[in-house]
Amino acid sequence: MYAKVIKLTNMNGIKYDHAKIEKKWQEKWEKEKIYFPDLSRPDNKYYNLWMFPYPSAEGLHAGHAFASTGSDVFGRFMRMHGKDVFQPIGYDSFGIHSENYAIKIGEDPHKVVRRTTKHYEEQMRSLGHGYDWTHTVTTSDPDYYRWTQWLFLKMWEAGLAYKKKATVNFCPSCKTVLADEQVVTPAAAGKEPKDAAGKSITNSEELKVCERCGTVVEKKDLDQWFFKITKYADRLLEGLEKIDWSTRVKLAQKNWIGKSQGMLIKFETENGDGEIEVFTTRPDTLNAATFIAIADEGLYNQESSEKVGEFTGKYALEPFSKRRLPVWKTNYVAPGYGTGAIMGVPAHDERDMEFAEKYHLDIVQKDPDKNLWQEISEKGFGKKHTNYHLRDWLVSRQRYWGAPIPMVDCPECGWVPVPEKDLPVILPNISDYKPEGTGKGPLANHKEFYQVKCPKCGGDATRETDVMDTFVDSSWYFLRYPSSDRESVPFDGEVTRNWLPVDLYFGGAEHSVLHLMYARFVTKVLFDLKLLSFDEPFPKFFAHGLMIKDGAKMSKSRGNVVNPDQYVSKFGADTLRLYVMFLGPMDASPDFRDSGIEGMQRFVTRLWKLFNQPNTIDGQPSKGVVSKLNQTIKKVTEDMYNFKYNTAIASIMELVNTISDKGSNEEVLRSLCLLVAPFAPHLAEEVWVEVLGQPFSIHKASWPKYDDSKIASDTVTIVIQINGKVRSQLVVGNKQSTIQGDIETLSRKDENAAKWLKGHDIKKVIFVPGKLVNFVV
RNA sequence: GCCGGGGUGGUGAAACGGUAUACACGCUAGGUUUAGGACCUAGUGCCCCUUAAAGGCGUGCAGGUUCAAUUCCUGUCCCCGGCACCA
């Protein structure tokens, strides 16, 4: 088939028609179902999951392409290792993002989501990802949210869902409450901080804003639904020990859970009219306590950076010595944490010291006494106690675009769950879906929705009009994918047992304490309910970096969002895939630039020409080419497992350079094609089938193996160092390079080295076989 | 403040005890082309030097360990991220 061509010259005539070839194989892959594994046969299962996107109006941007390609490349790599890779995709389509956009353009969110999900699907197909399009999930579909509501009922049955009046975070712009986890620093939100009127705030120090819109949150006392995630605090902490996640993400969760062990200690007030209980992690410093500080909501909410206090006029008694400790109201004690009261120990706590100095309180120097831990509990003054930073998960939202909470408030029976058989509670189509910020959601204006009969007693009752937080939708979606075709259950027992947990979860680190913790919590609850056989959903999670453009995180507000479509149509999906994977390691934050992608296009063209007009040599390729090929297979294979696709591609480029220079044969080209396949699936398939004449499909072919014995090349360069400085080099035979005597002799004969050795005593010789020799003189 | 992750050419980056800058981008010169583009060839850290050879200096900064340090250790500065008056 190949003519004998010595030099790669005059290849300008060969064009790679990416549009035609990519379309051709995308259709063939779908027709032949090569990415649709048979879920009834799980022997070689590999569940490869990328965090599903919320379908925005703008569509996927290049950052999505970077992340999703990273996931897809690994899925292809595993498929070429004989795994039945299940790689599903879906849409996190409920929630404020989609709803706010619908409000902005004045269109029904149902319609908006239908349009945006369609656009996403087209974009993801155009990138050539190996998704199983027969198992997609859309969280705003009644078929899906029916089971989100089912999950709520399970929480209720397990005693883990409750409604309670509490001081909660409220976003005046989104006109809804937020979970603690959704209240973040402006930097984390990636937004300019704004006040309730939408004006930018420049003094952004220590501000807490809405994760969605960047508006400074307010505190309100409202009746809200919570999930008791605090009950799982310890289990969530312990589970971190057994999962393969980066320390960075694990620590973020650990910090968020914020476990601290200490004691609750009671102080009687002076005139015997009560007692004050404090939480402390340092009961051993009780002897040095000089005052009691209690939280004051009013002072606390003033958000003063300086410590402020007011003396209450009361005194509390230190339990052992009965010392009189003044009781102060302050702003530096958090009301919601511990007992909302602390003992002030200026000698052992900087903050207490600052306060004591400001208000001229006593400062007592006493050494800590470890025995106090025991003595306090023996005397009954206090007891050991563990506190957590983690709060219960606030799941209700006074919005429209979410799954209605399936509960009914009956004047006779109290809160009654909607029976499972009556699910889903359909979200009605209404036109007045804008939030009003009255503390009630838009559904509260619709009698036809909330006027119901009590499922228990049949009397008149009121349906809950709040909907669920989007993070409830996404807390269990990975369970639904393999069972998306089941109508009568949220997830099928057998399929779930066979295909879960997820083998590799690929996603952004920004979800460290939101989605990832909620999903772990929900999994543990379902495990306890004996509905799952595992209690960690994602034993391996890889956090990719966030793509940068012009030095800043891509975001619509900055106007630096790159749409991949134009690059797909101009350069093709393969070039774009290779380009974004080549930018840097997957966990870095690559900067997208146009000039780079043109360079990658050159590489793709070179590849295409190399395969179509190869400089084939008759018979066996040189040993140098064989050794380079084996080195490359080894390097690429190792890099793939570490998500260092950039260096994997670099070594493939090196191999291409070597082949261009020294020639190849069909066997070498086949291996090269296989190495390229995960990155450039279309080009590789075209070459594999049409040029190399191999059976369809390369994506089910075996990943090439390397032969250790063929890695070594004929000659090796040995570095000669004198006192650790490189002075010369020797090119010697492979065998000779490991013989110290030979190398020493050759080094002395080497002109350059001899110059440095002349007139010196050699004190020591360090020899690293096959690498270097170092003379110490 | 505490806890993570980082500071390497003009740029993205590689090496992570053993030739610092692989692989690319960009740039310079030459070839090819009617021209441009594309493509091909050569060069490209800094200093000294007409050039080359040879040499010196170079991985934020200052020390240390080692025959040998971007890599290990100590101190320090800066950037990014998480948590935070959480007692």
Novice: Please report the closest heavy-atom contact between A:Ile720 and A:Ser747, naming both atoms and the distance.
Specialist: CD1-OG, 3.7 Å

Novice: Any idea which of B:A24, B:A20, B:G82 is nearest the A:Met653 side chain?
Specialist: B:A24

Novice: Give one of base, sugar-phosphate or nothing for A:Gly599, where a contact means two heavy atoms less than 4.0 Å apart.
Specialist: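 Answer is sugar-phosphate: A:Gly599 comes under 4.0 Å of backbone atoms only.
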
Novice: Is there a side-chain contact between A:Arg727 and the phosphate of B:G55, meaning an N or O under 4.0 Å from OP1 or OP2?
Specialist: yes

Novice: Would you say A:Lys307 and A:Asn331 are linked by a side-chain donor-acceptor pair, where the criterion is simply a distance under 3.5 Å?
Specialist: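 Note: A:Asn331 and A:Lys307 side chains miss the donor-acceptor criterion.
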
Novice: Please work out if A:Phe775 contacts a base, only the sugar-phosphate, or nothing of the nucleic acid, heavy-atom cut-off 4.0 Å.
Specialist: nothing

Novice: Whole angstroms only, please: what is the OH-C1' distance between A:Tyr579 and B:C23?
Specialist: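 Taking OH of A:Tyr579 and C1' of B:C23, I get 14 Å after rounding.
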
Novice: Scan A:Asn387 against the nucleic acid and name what it touches under 4.0 Å (heavy atoms): base, sugar-phosphate only, or nothing.
Specialist: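 Nothing: the residue A:Asn387, judged by heavy atoms under 4.0 Å, touches no strand.
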
Novice: What's the closest nucleotide to the side chain of A:Arg606 if the choices are B:A14, B:G18, B:C40?
Specialist: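 The listed nucleotide nearest to A:Arg606's side chain is B:C40.
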
Novice: For A:Pro585, which contact category applies under a 4.0 Å heavy-atom criterion: base, sugar-phosphate, or nothing?
Specialist: sugar-phosphate

Novice: Classify the nucleic acid contact of A:Val278 as base, sugar-phosphate or nothing, counting any heavy atom under 4.0 Å across all strands shown.
Specialist: nothing

Novice: Could you work out the separation of B:G5 and B:C72 based on their P atoms and round it to a whole Å?
Specialist: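 Those two atoms are separated by 12 Å.
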
Novice: Given that A:Tyr337 and A:Gln601 both sit by RNA chain B, which one's nearest nucleotide is further toward the 5' end?
Specialist: A:Gln601

Novice: When the nearest nucleotide of RNA chain B is assigned to A:Trp256 and to A:Gly584 on a heavy-atom basis, which residue is associated with the more 5' position?
Specialist: A:Gly584

Novice: Side chains of A:Arg323 and A:Asn287: do they bring a donor and an acceptor to under 3.5 Å?
Specialist: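 The answer is no; no qualifying pair exists.
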
Novice: What's A:Val726 touching, base or sugar-phosphate or nothing? Going by heavy atoms closer than 4.0 Å.
Specialist: sugar-phosphate

Novice: Considering every strand and a 4.0 Å limit on heavy-atom distances, what is the contact class for A:Glu598: base, sugar-phosphate, or nothing?
Specialist: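 No contact.
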
Novice: Would you mind calling B:G9 syn or anti? Take O4'-C1'-N9-C4 for purines or O4'-C1'-N1-C2 for pyrimidines, and syn is within 90° of 0.
Specialist: syn

Novice: So, does A:Ser651 get its side chain near the phosphate of B:C23, meaning an N or O under 4.0 Å from OP1 or OP2?
Specialist: no

Novice: Taking the side chain of A:Phe279 as its heavy atoms from C-beta onward, which of B:G4, B:A87, B:C23 lies nearest to it?
Specialist: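 Given the options B:G4, B:A87, B:C23, the side chain of A:Phe279 is closest to B:A87.
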
Novice: Is there a donor and acceptor pair closer than 3.5 Å between the side chain of A:Asn255 and the base of B:C83?
Specialist: no

Novice: With under 30° as parallel and over 60° as perpendicular, where do the rings of A:Phe538 and A:His515 fit, or are they tilted in between?
Specialist: tilted

Novice: Expressed as a whole number of angstroms, how long is the span from A:Glu654:CD to B:A22:C1'?
Specialist: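 Spelled out: CD on A:Glu654 to C1' on B:A22 is 6 Å.
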
Novice: Could you tell me how far apart A:Gln261 (CD) and B:A87 (C1') are, to the nearest whole angstrom?
Specialist: 15 Å

Novice: Assign A:Asn657 to base, sugar-phosphate, or nothing according to its heavy-atom contacts below 4.0 angstrom with the strands shown.
Specialist: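 If one applies the 4.0 Å heavy-atom cut-off, A:Asn657 turns out to touch the sugar-phosphate alone, with no base involved.
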
Novice: Got a donor-acceptor pair under 3.5 Å from the side chain of A:Glu350 to the base of B:G1?
Specialist: no

Novice: Once hydrogens and angles are ignored, does a donor-acceptor distance under 3.5 Å link the base of B:C67 to the side chain of A:Lys764?
Specialist: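 Absent.
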
Novice: Less than 4.0 Å between a side-chain N and a carboxylate O, is that true for A:Lys635 and A:Glu654?
Specialist: no

Novice: Decide whether A:Asp234 and A:Tyr388 meet the rule of one side-chain donor and one side-chain acceptor closer than 3.5 Å.
Specialist: yes

Novice: Given that both distances must come in under 3.5 Å, which nucleotide forms a Watson-Crick or G-U wobble pair with B:C46?
Specialist: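 Across any shown strand, B:C46 pairs with B:G56.
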
Novice: Which nucleotide wins on minimum distance to the side chain of A:Thr280, given the candidates B:A13, B:A87, B:U19?
Specialist: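 Out of B:A13, B:A87, B:U19, the nucleotide with an atom closest to A:Thr280's side chain is B:A87.
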
Novice: Can you tell me if the side-chain N/O atoms of A:Lys250 get under 4.0 Å from OP1 or OP2 in B:C83?
Specialist: no

Novice: Using the C1' atom as the reference point in each nucleotide, state the distance between B:U34 and B:U19 in Å, no decimals.
Specialist: 48 Å

Novice: Could you tell me the separation between the NZ atom of A:Lys763 and the C1' atom of B:A68, rounded to a whole number of Å?
Specialist: 16 Å

Novice: Give the nucleotide from the list B:G4, B:G55, B:A87 with an atom nearest to the side chain of A:Asp349.
Specialist: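 The answer is B:A87.
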
Novice: Looking at B:C23, I'd like to know if its phosphate oxygens (OP1 or OP2) sit under 4.0 Å from a side-chain N or O belonging to A:Asn646.
Specialist: no

Novice: So, A:Tyr337 versus A:Ser260: side-chain donor-acceptor pair below 3.5 Å or not?
Specialist: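 Per modelled atom types, A:Tyr337 and A:Ser260 side chains form a pair under 3.5 Å.
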
Novice: Taking atom P in both B:C61 and B:C67, compute the distance separating them and give it to the nearest angstrom.
Specialist: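 Looking at atom P only, B:C61 and B:C67 are 25 Å apart.
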
Novice: Distance check needed: B:C25 P versus A:Ile597 CD1, whole Å only.
Specialist: 13 Å

Novice: Return the orientation label for the A:Phe355 and A:Phe291 ring planes: parallel under 30°, perpendicular over 60°, tilted otherwise.
Specialist: tilted

Novice: Does a side-chain N or O from A:Trp756 land closer than 4.0 Å to OP1 or OP2 of B:G55, or not?
Specialist: yes

Novice: Of the options B:C85, B:C23, B:A68, whose atoms approach the side-chain atoms of A:Asn331 most closely?
Specialist: B:C85

Novice: Any idea which of B:A87, B:A68, B:C85 is nearest the A:Asn774 side chain?
Specialist: B:A68

Novice: Just compare B:G18, B:G12, B:C85 and give me whichever is closest to any side-chain atom of A:Ile766.
Specialist: B:G18

Novice: Taking atom C1' in both B:C27 and B:G4, what distance in whole Å separates the two?
Specialist: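 39 Å, rounded to whole Å.
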
Novice: What nucleic acid atoms does A:Val719 come within less than 4.0 Å of, heavy atoms only: base, sugar-phosphate, or nothing?
Specialist: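 Base: the residue A:Val719, judged by heavy atoms under 4.0 Å, touches a nucleobase.
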
Novice: When the distance from CG of A:Leu251 to P of B:G5 is rounded to whole Å, what number comes out?
Specialist: 8 Å

Novice: Roughly how many Å is it from CD in A:Gln253 to C1' in B:G82, rounded to a whole number?
Specialist: 12 Å

Novice: Pairing donors with acceptors under 3.5 angstrom, does anything connect the side chains of A:Asp574 and A:Tyr579?
Specialist: no

Novice: Hey, is the side chain of A:Arg602 poking within less than 4.0 Å of OP1 or OP2 on B:G26, counting only N and O atoms?
Specialist: yes

Novice: Where the side chain of A:Ala252 is defined as all heavy atoms beyond and including C-beta, which of B:G81, B:C39, B:G82 is the nearest nucleotide?
Specialist: B:G82

Novice: Kindly indicate whether the side chain of A:Gln253, heavy atoms from C-beta on, has any atom under 4.5 Å from the side chain of A:Leu516.
Specialist: yes

Novice: Does B:C57 have OP1 or OP2 under 4.0 Å away from a side-chain N or O of A:Lys725?
Specialist: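 Affirmative; the distance criterion is met.
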
Novice: On a whole-Å scale, what distance lies between the P atoms belonging to B:G12 and B:G63?
Specialist: 28 Å

Novice: Taking the P atom in each of B:U59 and B:A54, what is the distance between them to the nearest angstrom?
Specialist: 23 Å

Novice: Considering only the C1' atoms, how many Å lie between B:U70 and B:G7, rounded to the nearest integer?
Specialist: 11 Å

Novice: A:Thr647 side chain: which of B:A15, B:G12, B:C67 is closest?
Specialist: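 Comparing B:A15, B:G12, B:C67 against the side chain of A:Thr647, the answer is B:A15.
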
Novice: If the C1' atom of B:A62 is compared with that of B:A69, how far apart are they to the nearest Å?
Specialist: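 The same atom, C1', in both gives a distance of 15 Å.
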
Novice: Heavy atoms under 4.0 Å, any strand shown: does A:Leu772 hit a base, just sugar-phosphate, or nothing?
Specialist: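 Base contact.
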
Novice: Find the distance A:Ile743:CD1 to B:C67:P and express it as a whole number of Å.
Specialist: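 From A:Ile743 CD1 to B:C67 P: 22 Å.
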
